[in-house]
Number of protein chains: 2
Amino acid sequence: MSGTVTINSPADFHVHLRQGSISELITPHVRKGGFDLAYVMPNLKPPITTTEQALKYKVELEKIDPSVEYLMTLYLSPELTPDEIRKAKKAGIVGVKSYPRGVTTNSDGGIESYETYYPIFEIMQEIDMVLNLHGEVPSDANANIHVLNAESQFLPHLLKIHAAFPKLRIVLEHATTSAAIDAVKSCGPTVACTITAHHLALVVDDWAGQSWNFCKPVAKYPSDRQALQNVVKEGHPRFFLGSDSAPHPPHVKSTSTPTHACAAGIYTSPILLPLVAHLLDSFGALDKLEGFVSGFGRAFYQRPITNAHKFIQLRKVTEGTLIDEIYALGNETLVPFWAGKTLDYEIILTESK
Amino acid sequence: MSGTVTINSPADFHVHLRQGSISELITPHVRKGGFDLAYVMPNLKPPITTTEQALKYKVELEKIDPSVEYLMTLYLSPELTPDEIRKAKKAGIVGVKSYPRGVTTNSDGGIESYETYYPIFEIMQEIDMVLNLHGEVPSDANANIHVLNAESQFLPHLLKIHAAFPKLRIVLEHATTSAAIDAVKSCGPTVACTITAHHLALVVDDWAGQSWNFCKPVAKYPSDRQALQNVVKEGHPRFFLGSDSAPHPPHVKSTSTPTHACAAGIYTSPILLPLVAHLLDSFGALDKLEGFVSGFGRAFYQRPITNAHKFIQLRKVTEGTLIDEIYALGNETLVPFWAGKTLDYEIILTESK
């Protein structure tokens, strides 16, 4: 059909699905946003640090929406033992997520030194589990480290871990800088990188005084956004979508007090595939959509498409599709990214092959 | 008295006093904050572009609080003629403020090219009126210009105007970058620079998701804050206080919607002198307080202290002085910078000599 795009089984390789009533609202949005697979972040309260917790969490998510494939992860912490890693691998858990201490939502238990975890990385490399890195160092005014260079200052850690464990599969999550793109490109085939939809759209000016566009890592300079767009346009197979879609109640997104800042996080799940199509089309990369949202990530994560998978069809709509202002379920409400704006694409069909 | 500091007639060389009911609330805060002199910004609605408007505005301010000396300014715009400049000078108007288009509150009528105004600058140089520059260029993603480099990208304009009019007194307002400090230092004695209290306190991390700390120019990196602190500590006579205290109602400071960002501006007037003393003491520059808040600016603006001026005495309070959470008058309310925090200084005496 003219003006349509068909994508094989889109996969979101970084998403926050939370727990409880908010999870009931947002988990079905993975499918609503056009996605078959969710790579689920472990930063719950308390964090997911054991196989048992992860499997229990997976059951909760499958109860809410059994039509999505959930890939589970553990939170890297001192509690994590080599035995637990082996157990997790056997149970089908795919990755281990590392958060530097204090840089984002529920990261108070994050790590301070990577060397401490080398025994864990050794086992992960041996049994082929993925290491997912939140690539920021904590701000430190004395060292002139701040939210805008926190990612570039992190990159030596990435390169060092990769050099020490060249066969360990590593994903640098939600890259926001030109420096990060270059660093990942310089690595071998075991190192990949997720890019969010919103970082393809935003720059620092967009979150200055505008908390709805505030997330961690913060969106950087126009030249950085250009580098992200360029690597997508290039169709580089080690760069693929991870939405980092993160739900926060409207009142904590919209209102700061003199003593409390707004929550960091942008919610894109329910509009994700049309949003990504809209963005890629805006910078001439629509032909790379399937690789970016499905093929590249699936190849890296060894999750090939089978006949059981669905395909999604999108249509370009010249009049635009209005993004909902709010989503609600019970007492839970959420406002998506770009609420009230229009997208040039909409989903018209979700079908099995 | 031990633990006290006495300052001769503090002068705030950059303040927004607005009009109407909000002006009734904030104008007395100049005195409350310990200041004898207010250099008044002309970005009203409509902007102050004529001598007549400026004098009328001055009368309004004097009606509210006759105890403060108001130095008036005009808004640089195509309407401003050489004749009007001469008339303004005769009427005691001190400066002309230039706003680049669209970079801050009520700057939609700001300028785009400085060469257009060279005939005006020529007259200003001849009759010795001060040019006050809001030193930012508008953001432009295609040129990689954003809120964090908007000031450093402006500096070539400053240097060019200074080279063309070496005797024209110019003030680069509210400098926020190490580059700006260096640029002003590199100029001759006719070029000075104001620094706000809040830019001595904040860095980019402080306004990320925290709209109460959001202002234009935005606070920059820790190394920039260090450069501002250093030039104050150095006691450089061409760097002095201009608070840029700017009142915005709490609801436009605290709440963004998906379509409306928070207002840019930080309100420091009612706590200004104790705040500046607190900050300078925190980085070992208390001995430069009088120069920074009075002597240096008065020298540049040729407003020497006379016997008619007051002195202000501050006291160090080990238990801290709580900053008010809110100021109110009628329906107008304002929340000051650092509301609910404590300062190490308080004003104990305001006296004539």
Side-chain angles (χ1 to χ4, degrees), chain A residues 103 138-150 178 202-227 248 250-267 323 325-326 335-341, chain B residues 103 138-150 178 202-227 248 250-267 323 325-326 335-341:
Chain A
V103 300
S139 288
D140 176 357
N142 291 327
N144 199 35
I145 298 172
H146 46 77
V147 290
L148 284 145
N149 68 4
S178 175
L202 303 174
V203 296
V204 56
D205 287 50
D206 295 308
W207 58 264
Q210 176 43 283
S211 54
W212 291 97
N213 292 335
F214 172 55
C215 58
K216 293 296 295 298
V218 297
K220 304 297 190 304
Y221 312 120
S223 57
D224 291 302
R225 179 178 61 184
Q226 190 64 57
H248 292 282
H251 71 279
V252 302
K253 277 306 291 177
S254 63
T255 307
S256 69
T257 68
T259 50
H260 284 85
C262 290
I266 292 181
Y267 191 60
I323 298 175
E325 303 266 351
I326 198 154
V335 175
F337 183 58
W338 275 9
K341 288 197 178 194
Chain B
V103 299
S139 288
D140 176 356
N142 291 327
N144 199 34
I145 298 172
H146 46 77
V147 290
L148 284 145
N149 69 4
S178 175
L202 303 174
V203 296
V204 56
D205 287 50
D206 295 308
W207 58 264
Q210 177 42 283
S211 54
W212 290 96
N213 291 336
F214 172 55
C215 59
K216 293 296 298 292
V218 297
K220 305 298 191 301
Y221 311 121
S223 57
D224 291 303
R225 179 178 61 182
Q226 190 63 56
H248 292 282
H251 70 279
V252 301
K253 277 306 292 176
S254 62
T255 309
S256 70
T257 69
T259 50
H260 283 87
C262 289
I266 291 181
Y267 191 60
I323 298 176
E325 303 266 353
I326 198 155
V335 175
F337 182 57
W338 274 8
K341 287 198 178 192

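Each chain gets a letter, A, B and so on, in the order its sequence line appears, and its residues count up from 1.
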> Which heavy atom in Pro222(B) sits nearest to a heavy atom in Ala141(A), and how many Å separate them?
Replying inline: CB-O, 3.4 Å

> So which of Cys215(A), Ala143(A), Ser223(A), Ala150(A) has the biggest tally of heavy-atom pairs under 4.5 Å with chain B?
Replying inline: Ser223(A)

> At what distance, to the nearest 0.5 angstrom, does OG1 of Thr257(A) lie from CH2 of Trp212(B)?
Replying inline: 8.5 Å

>> Heavy-atom pairs under 4.5 Å with chain B: which of Gly340(A), Pro258(A), Pro250(A), Ala261(A) has the most?
In response: Pro258(A)

>> Within this structure, what is the CG-OG distance for the pair Asp206(B) and Ser139(A), rounded to the nearest 0.5 Å?
In response: 9.5 Å

> Knowing that exactly one of Ser211(A), Cys262(A), Ser256(A), Ser254(A) qualifies, which makes a side-chain contact (heavy atoms from CB on, under 4.5 Å) with Ser211(B)?
Replying inline: Ser256(A)

> Distance-only, no hydrogens or angles: does the Gln210(A) side chain make a donor-acceptor pair with backbone N or O of Gly209(B) under 3.5 Å?
Replying inline: no

>> Does any backbone or side-chain atom of His260(B) lie under 4.5 Å from a heavy atom of chain A? Answer side chain, backbone, both or neither.
In response: backbone

>> So which atom in Val204(A) and which in Trp207(B) form the shortest heavy-atom distance, rounded to 0.1 Å?
In response: CG2-CH2, 4.1 Å

>> Just verifying a value: how many Å separate Thr255(B) OG1 and His251(A) NE2, rounded to the nearest 0.5 Å?
In response: 12.0 Å

>> Please classify the contact of Val147(B) with chain A as side chain, backbone, both or neither, using a heavy-atom distance under 4.5 Å.
In response: both

> Between Asn142(B), Asp140(B), Asn213(B), Leu148(B), which residue shows the highest count of heavy-atom pairs closer than 4.5 Å to chain A?
Replying inline: Leu148(B)

> Does any N or O in the side chain of Asp205(B) come within less than 3.5 Å of the main-chain N or O of His146(A), such that one atom is a donor and the other an acceptor?
Replying inline: no

